[in-house]
Amino acid sequence: MESFFEKVYRVVRTIPRGKVATYGQVARLVGRPHAARMVGWAMSASSPARPVPWHRVVGAGGRLVISKAVQYFQIQKGLLRQEGVEFRGDRVIMSQFQWERGLRKASRRCSKKANA
DNA sequence: ATAATGACGTCTC
DNA sequence: AGAGACGCCATTA
């Protein structure tokens with residue numbers, strides 16, 4: 001059986017060069033809208049042995065979730081710029097570089113107080 | 001089976 | 001705009 005990680009990797013591998021997707025976006029594509037954290041975890045779990053373009057996965061709004069203190073922050077930014085992705089400050093210009101696939105009306109609930 | 005963890009997302013202050 | 005709090009969930013110990 002294909003594990004959750006495998007599905008995530010498979011989706012991430014389909015992200016075209018020069019485009020980026022958000023963790024939540026990938027989560028939706030693998031059928032787990034609320035497992036964005038797992039997607040990120042899958043990325044961290046991916047090793048050089050696993051051919052996954054992890055750098056094309058960014059946080060919501062084009063934010064690079066990885067701490068700036070960590071070297072990976074620069075690595076990811078560098079790799080993306082290398083592919084033609086532009087930044088506005090420390091954020092990817094999503095309006096131009098977000099992967100179109102998986103985009104939806106985004107039923108935003110998640111509101112804990114929505115029930116109140 | 002329970003508890004802890006983590007490269008997220010959204011709301012509030 | 002930046003920081004804190006809570007929710008969600010698969011994988012591990």
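All values below were derived from every heavy atom in this structure, side-chain atoms included, with hydrogens, water molecules and symmetry-related copies excluded.
For the pair A/L80/A/V92, a side-chain contact is recorded, criterion being any heavy-atom separation below 4.5 Å from C-beta on.
When the P atom of C/dA10 is taken as reference, atom OH of A/Y9 falls 16 Å away, rounded to whole Å. Between A/I15 atom CD1 and B/dA7 atom C1' the separation is 13 Å, expressed in whole Å. The CZ atom of A/R63 sits 9 Å away from the C1' atom of B/dC8 (whole-angstrom rounding). Rounded to an integer number of Å, the gap from A/I66 CD1 to B/dG9 C1' is 17 Å. Atom C1' of nucleotide B/dT5 and atom CH2 of A/W41 are separated by 6 Å, given to the nearest angstrom. Spacing between atom CD of A/Q76 and atom P of B/dC8 amounts to 11 Å, rounded to whole angstrom units. A/R28 has its CZ atom 13 Å from the C1' atom of B/dC8, to the nearest Å. Look at CG on A/L64: it is 12 Å from P on B/dG9, rounded to the nearest Å.
Ionic pairing of A/E2 and A/R10 is present here: one or more N-O contacts between side-chain nitrogen and carboxylate oxygen are shorter than 4.0 angstrom.
Listed pair A/R37 / B/dA7 fails the phosphate criterion, with no side-chain N or O lying under 4.0 Å from OP1 or OP2.
Where A/M38 and A/V58 each meet DNA chain B at their nearest nucleotide, the meeting point lying more 5' is that of A/M38.
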Full working for side chain to side chain contact (heavy atoms under 4.5 Å, CB included) between A/V26 and A/W99: CA-CA 10 Å; A/V26 174; A/W99 188 30; 5.7 Å; no

For the pair A/V57 and A/T22, evaluate side chain to side chain contact (heavy atoms under 4.5 Å, CB included) and give the outcome as yes or no after the intermediate values. CA-CA 5 Å; A/V57 186; A/T22 67; over 6 Å; no

Would you please test A/H55 and A/Y72 for side chain to side chain contact (heavy atoms under 4.5 Å, CB included) and show each step? CA-CA 9 Å; A/H55 56 277; A/Y72 277 120; over 6 Å; no

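Nearest nucleotide to the A/A36 side chain, out of B/dT10, B/dA7, B/dC8: B/dC8. Comparing atom distances between the A/F4 side chain and each of B/dA7, B/dT10, C/dA10 picks out C/dA10 as nearest.
Among the atoms of the strands shown, only primed sugar atoms or phosphate atoms (P, OP1, OP2) are found under 4.0 Å from some heavy atom of A/F5. At the heavy-atom level, A/Y23 lies under 4.0 Å from base atoms of the strands shown.
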